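Throughout, a chain's letter reflects where its sequence line sits, starting with A, and its residues are numbered from 1. Bear in mind that the values here come from a model prediction, so they are computed numbers and not experimental data.
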Amino acid sequence: MKSFCVTTPIYYVNDAPHVGHAYTTLHADITARWNRLKRNEVFFLTGTDEHGLKIAEAAEKLGISPQELTDSTSRRFKDAWDQLGIKYDDFIRTTEPRHIETVNAFTQKIYDAGYIVKDTWEGLYCISCESNYIESELENGMCPIHKRPVEKVKEDNYFFKLSQFEDRLLKFYEDNPKFIEPETKFNEALSFIKSGLKDISVTRSSFDWGITVPWDHSQVFYVWFEALINYVTALGYTSDPDRFNRLWPNTVHMIGKEITRFHCIWWPAMCMAAGINPPSKILVHGWLLVGGEKMSKTSLNKIDPVDLVDEFGLDQFRYLLVKGSPFGPDSEFSYEELKRRNNSDLANNLGNLLSRVLAVVNSKCDSITPKVDTDSILKPAADLAVESAKENWDNFSPANALESIWNLLRATNAYLETNEPWKGEPGDKVNKVLGDSLEVLRIAAVLISPVMPTSAAEILTRIGLTNYLDDVSLSDDLGWGQYPGGFEIKKDAPLFSRIK
RNA sequence: GGCGGCGUAGCUCAGUCGGCAAGAGCGCACGGCUCAUAAUCGUGAGGUCGCGGGUUCGAACCCCGCCGCCGCUACCA
């Protein structure tokens, strides 16, 4: 059995989950479900990132401990994922003992190999902002917000010798041209490496909400350096080496473009330093834009995914979120567009196709479904949809996979229109048309199940294939001509409602 | 400033190695149908493929220039 591991970033708990978080997580969920359908061993990891100065400060403002704050926000992410039908295999929190244990082991390994050394960090600090700046952010050497001089601050920190990995990273990129997708992000990362890498300060001594450096208890790790390690923590780096070796490095990290550098430069170098292979692939996606702007807390255009689930329904939301945009570039996200696609794709094309087929089975076949004919004008369309959907699911292109399935649905609606089974006398001709249409519903339901698991199961149940998804085989069961017929249809309300 | 990307029908976008008459979905218009969730089917609109040059038998795809937008350019979750 092949193994497949997909991760989301671990989300920083200074913000409640919004549609942007849901976007990444849903893509990972769909990919995980697709691979489960392929009967691969699947491990889908998500979680929350809980250390760092910002969390400590936020907790202080609220008058609670950082742990209390992270407990409550982490819970909100878990709740949100439950409500979005996210079926993860593990939810990691960086404050858990297993992570701290792994960070200790992983960083100790890097330290022992000589890639972490003590040095002096110099930064620019604005007393009014209470935060650090880098040279390029300053305006005339002054704090850009308060227009006053910044102070030079020094701190003895431990540095990760990123500079020593330049050549190895370049070689790795050269050997793995598909390491990062899309290609533009690969090129950005590559040119960053080529421009020369500096060592990075990876510990802090000015606050203590972090993981203590095992060889120097006066310091804690900088949150990013430690957070990346979550991926190997959860796979069993320290707790289950057998499983770790099975799943790593065959792992895909899905991330938003704002955290490309950490994942594409730091993380592979850290892996090399610790003596393991870098992950197999990093998929970088763009942002959902609302009126051309990134969805964020500060621009007040943040959308709660749970609200959209309430409005459209769970599977509808899942479909609409991934259908709207290819995984990669930024894309516009608007309520009007969601509504339009809900009505046309879901209610009209798919939901109504199911309704009309079952209505005719009811009136012409006494509610007992006919079986599919082995030869059909729809067969080529179905074969094409299966082939194309498979390829696109495998290539992390859900929007394209869905498009190919919808082409089949449209062809089937046209097929019904041409043959008008509602007009014919009960008999072979009517049975054939309906059997073929039921076969399309069977195949389409399987293909959409990663995105719409509940609706897919419901479609199958209504045509008599209860629990069909539990042991369907993608390699054996998607060929044309396998719908057996002979089932009594289950009549029910429309699958998807139109929204006005 | 340096490196890179984008600009294709009203909207959202496809267009692999340059080549059959520039595509899809939605929206819109007209027509058909009435089994179905006022769903569906057919047809259509006529987009200088950002602008100007060039290479080529032939370019949306290659080269040069210009305009507009955007990304990366280190320790910001």
Quiz item: So what does A/K423 hit on the nucleic acid, given a heavy-atom distance under 4.0 Å: a base, only sugar-phosphate, or nothing?
Solution: sugar-phosphate

Quiz item: In terms of the nearest nucleotide of RNA chain B, which residue is placed more toward the 5' end: A/Y11 or A/G351?
Solution: A/G351

Quiz item: Using the P atom in both, what is the distance from B/G50 to B/G10, to the nearest Å?
Solution: 13 Å

Quiz item: Looking only at heavy atoms, which two atoms of A/S437 and A/V357 are closest? And how far apart?
Solution: CB-CG2, 3.8 Å

Quiz item: Expressed as a whole number of Å, how far does the C1' atom of B/C62 sit from that of B/G18?
Solution: 8 Å

Self-check item: Qualifying residues under side-chain contact (heavy atoms from CB on, under 4.5 Å), relative to A/V360, sequence neighbours excluded
Solution: A/S363, A/K364, A/P421, A/W422, A/L434

Self-check item: Separation of B/C75 C1' from A/D49 CG (nearest whole Å)
Solution: 15 Å

Quiz item: When all nucleic acid strands are considered with a 4.0 Å heavy-atom cut-off, which category describes A/R204: base, sugar-phosphate, or nothing?
Solution: base

Quiz item: Does A/E417 come within less than 4.0 Å of A/R356, counting only side-chain N to carboxylate O?
Solution: yes

Quiz item: A/A347 near the nucleic acid: base, sugar-phosphate alone, or nothing, with a heavy-atom cut-off under 4.0 Å?
Solution: base

Exercise. Can you measure from CZ (A/R340) to CG (A/N343) and round to the nearest 0.5 angstrom?
Key: 10.0 Å

Quiz item: Between A/E337 and A/K323, is there a salt bridge with N-O shorter than 4.0 Å?
Solution: no

Self-check item: Gap between atoms CH2 and P, on A/W422 and B/A39 respectively (whole Å)
Solution: 16 Å

Exercise. Considering non-hydrogen atoms only, spot the tightest contact between A/L162 and A/K198 and give its length.
Key: CB-O, 3.4 Å

Quiz item: Does the gap between the ring centers of A/W406 and A/Y319 come in under 6.0 Å?
Solution: yes

Exercise. Just call it for A/K54: base, sugar-phosphate, or nothing, with non-hydrogen atoms closer than 4.0 Å on any strand.
Key: sugar-phosphate

Quiz item: Contact class for A/N187 vs. all strands (heavy atom < 4.0 Å): base, sugar-phosphate, or nothing?
Solution: nothing

Practice problem: Let me know the distance between CG of A/N343 and P of B/G27, rounded to the nearest Å. | Solution: 9 Å

Quiz item: Rounding to a whole Å, what distance do you find between A/N157:CG and B/A74:P?
Solution: 19 Å

Quiz prompt | Nearest-Å distance once atom P is located in both B/G5 and B/C41 | solution = 41 Å

Exercise. Starting from C1' on B/A77, measure out to CG on A/L53 and report it in whole angstrom.
Key: 13 Å

Self-check item: Touch class at under 4.0 angstrom, heavy-atom based, for A/Y222 against every strand present
Solution: sugar-phosphate

Quiz item: How is A/S355 classified with respect to the nucleic acid when contacts are heavy atoms under 4.0 Å: base, sugar-phosphate, or nothing?
Solution: base

Quiz item: Choosing from B/A77, B/G27, B/U40, which nucleotide comes nearest the side chain of A/A227?
Solution: B/A77

Quiz item: Quick one: A/R340 CZ to B/C28 P, roughly how many Å, whole number?
Solution: 9 Å

Exercise. Step through the shown structure and confirm whether more than 12 heavy atoms of other residues, nucleotides or ligands are within 6.0 Å of NZ on A/K194.
Key: no

Quiz item: OP1 or OP2 of B/A39 sitting under 4.0 Å from any side-chain N/O of A/R498?
Solution: yes

Quiz item: With a 4.0 Å cut-off on heavy atoms, is A/G196 in touch with a base, just the backbone sugar-phosphate, or nothing at all?
Solution: base

Practice problem: Indicate whether OP1 or OP2 belonging to B/U40 is found under 4.0 Å from a side-chain N or O atom of A/N349. | Solution: yes

Quiz item: NA contact type, A/L353, heavy-atom cut-off 4.0 Å: base, sugar-phosphate, or nothing?
Solution: nothing

Quiz item: Which part of the nucleic acid does A/L162 contact within heavy-atom distance under 4.0 Å: base, sugar-phosphate only, or nothing?
Solution: base

Practice problem: Starting from C1' on B/A74, measure out to CZ on A/F160 and report it in whole angstrom. | Solution: 14 Å

Quiz item: OP1, OP2 of B/C26 versus side-chain N and O of A/K339: anything below 4.0 Å?
Solution: no

Exercise. Using the C1' atom on both, measure B/A22 against B/A39 and round to a whole Å.
Key: 32 Å

Quiz item: Just the dot-bracket of RNA chain B, please: which string comes out with Watson-Crick or G-U pairs under 3.5 Å, [ ] for crossing, | for another strand?
Solution: (((((((..((((.....[...)))).(((((.......))))).....(((((..]....))))))))))))....

Quiz item: Nearest to the side chain of A/S201 - B/C35, B/C75, B/C26?
Solution: B/C75

Quiz prompt | Ring geometry between A/F186 and A/Y173 (parallel below 30°, tilted from 30 to 60°, perpendicular above 60°) | solution = tilted

Quiz item: Is any side-chain nitrogen or oxygen of A/N348 closer than 4.0 Å to OP1 or OP2 of B/U40?
Solution: yes

Quiz prompt | 5′-ward residue of the pair A/T184/A/N407 relative to RNA chain B | solution = A/T184

Practice problem: Rounded off to whole Å, could you give me the CZ-to-P distance for the A/F192 and B/A74 pair? | Solution: 6 Å

Quiz prompt | Whole-angstrom distance between B/C17 and B/U43, as gauged at atom P | solution = 32 Å

Quiz prompt | A/E60 atom CD: more than 12 heavy-atom contacts under 6.0 Å | solution = no

Practice problem: Could you tell me whether A/K432 and A/D428 make a salt bridge, using a distance below 4.0 angstrom between a side-chain N and a carboxylate O? | Solution: no

Quiz item: Has A/Y415 got a side-chain N or O lying under 4.0 Å from the OP1 or OP2 atom of B/C35?
Solution: no

Practice problem: May I ask you to say what A/L358 touches in the nucleic acid, namely base, sugar-phosphate or nothing, with a heavy-atom cut-off under 4.0 Å? | Solution: nothing

Quiz prompt | Pairwise P distance for B/C33 and B/U48, with rounding to whole Å | solution = 37 Å

Quiz item: Counting side-chain heavy atoms from C-beta on, which of B/C41, B/C26, B/A77 comes nearest to A/E417?
Solution: B/C41

Quiz item: Strictly under 6.0 Å, is that where the ring centroids of A/F312 and A/Y335 end up?
Solution: yes

Exercise. Using the C1' atoms only, state how far B/C72 lies from B/G58, rounded to an integer number of Å.
Key: 37 Å

Practice problem: Classify the side chain of A/N352 and the base of B/A36 as holding, or not holding, a donor-acceptor pair under 3.5 Å. | Solution: yes

Quiz prompt | RNA chain B contacts made by residues 387-406 of chain A, counting heavy atoms under 4.0 Å | solution = A/E403

Self-check item: A/F221 ring center near A/F160 ring center (under 6.0 Å)
Solution: no

Quiz prompt | Interatomic distance at C1', B/G19 relative to B/C3, whole Å | solution = 33 Å

